[in-house]
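Structure, as structure tokens:
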Amino acid sequence: MNTSTTQPAVTNPVVGALSTLLGDSYSLMGETHLAHWNVEGSAFFELHGAFQKQYEELFEAVDDIAERIRAIDAYAPGGLKALAKLSTVPPVPTGAAPAKDFVAALIEGHETTTESAKKVRDTAAETGDLETQDLAIGRVRVHQKTLWMLRSYLKNL
Amino acid sequence: MSIPISRPTSFAPTRRLAGWRMDAARLAAELLRSVSPKAADEVLDLRSALLEPGVTPAMLLRVFLAAKNRLEKEHYLLFFRLRRVLEPNLGLRLGREAASRILPVDFQYRSLPQMLRRARQNLFEHDLALTSPDAAAVTVVWSLAAVTEE
Ligand SMILES: [Fe+2]
């Protein structure tokens with residue numbers, strides 16, 4: 001007989017918020033990888049390299065987020081279909097498109113993921129889970145920095 | 001690429017405005033706050049077109065392209081967001097009625113006549129047997145997505 005009095009982890013709202021953040025981050029990683037492959041034009045080398053740095057950073061981030069879910073005693077969602085269902089990150093262009101459209105689409109993806117990270121931050125704060133809050137604050141900071149760089153690229157001076 | 005619908009839509013919105021129009025009008029309002037007073041006219045025209053229930057798809061596309069030609073360079077992200085909202089709701093109908101096809105609008109053209117000319121040219125290139133002017137007609141229409149939501 002199971003005598004444990006611990007609440008099942010799935011009812012923890014932090015797990016739900018982390019799962020959404022995982023879905024958005026994974027999806028953003030995929031979209032950034034696609035942008036790395038398909039971007040064209042005079043800024044190719046610059047953007048191809050910048051997008052690579054971004055998806056590599058996101059690859060490490062999704063691992064941290066999933067392992068945080070495990071650390072608070074829940075199971076991480078995974079697999080492309082399940083993660084896509086959790087995500088609202090918009091797609092980058094799928095064919096030939098101006099390089100600026102890839103940057104603009106990724107800006108929207110980072111905006112969406114920033115909101116998910118803020119939701120984790122605030123939910124964790126409400127439940128006193130400071131370690132998850134710390135992770136979420138770090139994610140918000142990374143996305144805000146990337147947004148600054150992507151928006152700067154679109155500036156016409 | 002062809003949108004998988006063939007039903008022509010000559011729908012004139014009469015009731016409350018669709019959500020996508022409100023979304024686009026909000027983006028136009030955001031644009032208005034960031035453009036110089038000199039460029040405000042184009043944005044005001046766009047905003048009015050979006051909020052005008054009787055606007056035709058061709059009119060809306062015309063004012064959008066005018067604003068885009070003048071301001072996209074300085075406000076790329078906002079025009080990208082506007083395109084994303086408009087894209088699924090506008091289409092180019094090739095041919096008339098039953099035999100028509102609807103293609104997505106390609107925003108790379110600077111003017112509506114240019115866009116229509118190119119679509120017509122494509123039509124002739126792909127169907128050399130086309131003879132009647134009706135079969136080669138190109139019209140801007142609301143796409144099925146726009147009509148369903150209204
Ligand atoms: Fe690569």
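Below, chain A is the first sequence line, B the second, and so on; all start at residue 1.
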Between Arg84(B) and Glu108(A), is the closest basic N to carboxylate O distance under 4.0 Å? yes
Within a radius of less than 6.0 Å around OH of Tyr75(A), do more than 12 heavy atoms belonging to other residues, nucleotides or ligands occur? no
Arg110(B) atom CZ, neighbour heavy-atom count above 12 within 6.0 Å: no
Does Asn156(A) reach the side chain of His75(B), with side-chain heavy atoms less than 4.5 Å apart? no
If I take atom CG from residue Asp101(A) and atom OH from residue Tyr76(B), how far apart are they, to the nearest 0.5 angstrom? 3.5 Å
Any chain of hydrophobic side-chain contacts (each under 4.5 Å) joining Leu86(B) to Leu65(B)? yes
Would the number of heavy atoms belonging to other residues, nucleotides or ligands and lying under 6.0 Å from CE of Met149(A) be above 12? yes
Interatomic spacing from CG in Leu77(B) to CD in Glu111(A) - rounded to 0.5 Å: 6.5 Å
Carboxylate-amine/guanidinium proximity below 4.0 Å for Glu72(B) and Lys100(A): no
Report, as yes or no, whether the 6.0 Å neighbourhood of atom CD on Glu40(A) holds more than 12 heavy atoms from other residues, nucleotides or ligands. no
